[in-house]
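Here is the structure we will look at.
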Amino acid sequence: MTLGYTQVSLEIQNVDTVAGTLDIYMFNYPGCSYCEDLTYNNNSQNWTEKKELCEDPSSGASTWIAYDPITEEECSEIPSLDGNGGWWFNGKVGGFQFELPGVTITGASGGTAS
């Protein structure tokens, strides 16, 4: 099972119902998000709203580019209404939360889990 959105994804692997264990892997990468139609690029506003408008068929349905592996400087040069380029994500995640009903967490390790 993989849950992902743009530059961050969570994967559940190695599910062992007999032992009652599973592994959760998180992958996060820096990258740039933007609309091919510069009309929707205004990174001083909420990117999720701009993404919806960018892809809305009633608005002309452009393409939202997510995780374009370019540098932060290149991202800032994406044509935009406010002159600030696309939305830059530095790859750092401050935390995440999700539920696994009926599961008791007994440990976390690896990466920066501690």
Side-chain angles (χ1 to χ4, degrees):
M1 175 179 180
T2 301
L3 304 169
Y5 199 65
T6 66
Q7 295 93 332
V8 179
S9 67
L10 294 174
E11 291 183 18
I12 297 175
Q13 299 178 6
N14 307 318
V15 176
D16 184 337
T17 55
V18 174
T21 61
L22 57 82
D23 296 324
I24 301 171
Y25 295 92
M26 183 174 86
F27 302 95
N28 45 308
Y29 307 97
C32 185
S33 298
Y34 57 92
C35 184
E36 284 187 328
D37 181 345
L38 72 89
T39 306
Y40 303 103
N41 291 337
N42 183 347
N43 75 8
S44 60
Q45 297 180 350
N46 186 311
W47 73 269
T48 56
E49 293 171 13
K50 292 299 180 179
K51 179 183 185 301
E52 287 178 21
L53 290 170
C54 172
E55 297 175 324
D56 186 350
S58 66
S59 301
S62 188
T63 301
W64 185 261
I65 309 297
Y67 182 61
D68 191 352
I70 61 177
T71 67
E72 185 174 5
E73 182 177 302
E74 291 168 324
C75 184
S76 70
E77 294 171 2
I78 299 291
S80 62
L81 294 176
D82 62 0
N84 292 328
W87 286 262
W88 177 252
F89 173 66
N90 65 10
K92 296 179 181 178
V93 176
F96 61 89
Q97 178 179 333
F98 60 96
E99 293 183 30
L100 297 171
V103 174
T104 301
I105 306 296
T106 59
S109 62
T112 57
S114 59

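Small disclaimer: the values here were computed from a predicted structure and weren't measured. Position 1 is the first residue of the sequence, and the numbers go up from there.
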Kindly write out the residues that satisfy salt bridge (Lys or Arg N to Asp or Glu O under 4.0 Å) with Glu52, not counting sequence neighbours, or none if the list is empty. none

Could you measure the distance from the [atom1] atom of [X] to the [atom2] atom of [Y]? Nearest 0.5 Å is fine.
{"X": "Trp87", "Y": "Asn42", "atom1": "CH2", "atom2": "CG", "value": "6.5 Å"}
{"X": "Glu55", "Y": "Glu36", "atom1": "CD", "atom2": "CD", "value": "10.5 Å"}
{"X": "Cys75", "Y": "Asn90", "atom1": "SG", "atom2": "CG", "value": "11.5 Å"}
{"X": "Asn84", "Y": "Gln45", "atom1": "CG", "atom2": "CD", "value": "11.0 Å"}

Let me know which of Ser33, Cys35, Pro79 forms a side chain to side chain contact (heavy atoms under 4.5 Å, CB included) with Asn41. Cys35

Got a list of side-chain donor-acceptor pairs under 3.5 Å for residues 15-27, not counting sequence neighbours?
| from | atom 1 | to | atom 2 | distance (Å) |
| --- | --- | --- | --- | --- |
| Asp16 | OD1 | Val18 | N | 3.0 |
| Asp16 | OD1 | Ala19 | N | 2.9 |
| Asp23 | OD2 | Asn14 | ND2 | 2.7 |

Assigning hydrophobic clusters by single linkage (Ile, Leu, Val, Met, Phe, Trp, Tyr; side-chain heavy-atom cutoff under 4.5 Å), is Tyr40 placed with Leu38? no

Among the clusters formed by ILVMFWY side chains lying less than 4.5 Å apart, do Phe89 and Leu10 turn up in the same one? yes

Grab the two heavy atoms, one from Cys32 and one from Gly86, that are nearest each other, plus how far apart they are. SG-CA, 4.1 Å

Glu74 vs Thr71, test: side-chain hydrogen bond (donor to acceptor under 3.5 Å, both in side chains). Steps then yes/no. CA-CA 5 Å; Glu74 291 168 324; Thr71 67; 3.3 Å; yes

Non-neighbouring partners of Asp56 that pass side chain to side chain donor-acceptor pair (under 3.5 Å), sequence neighbours left out: Ser58

Classify the ring geometry of Trp47 against Trp64: parallel below 30°, tilted from 30° to 60°, perpendicular beyond 60°. parallel

Any side-chain heavy atom of Pro30 within less than 4.5 Å of one from Trp88? yes

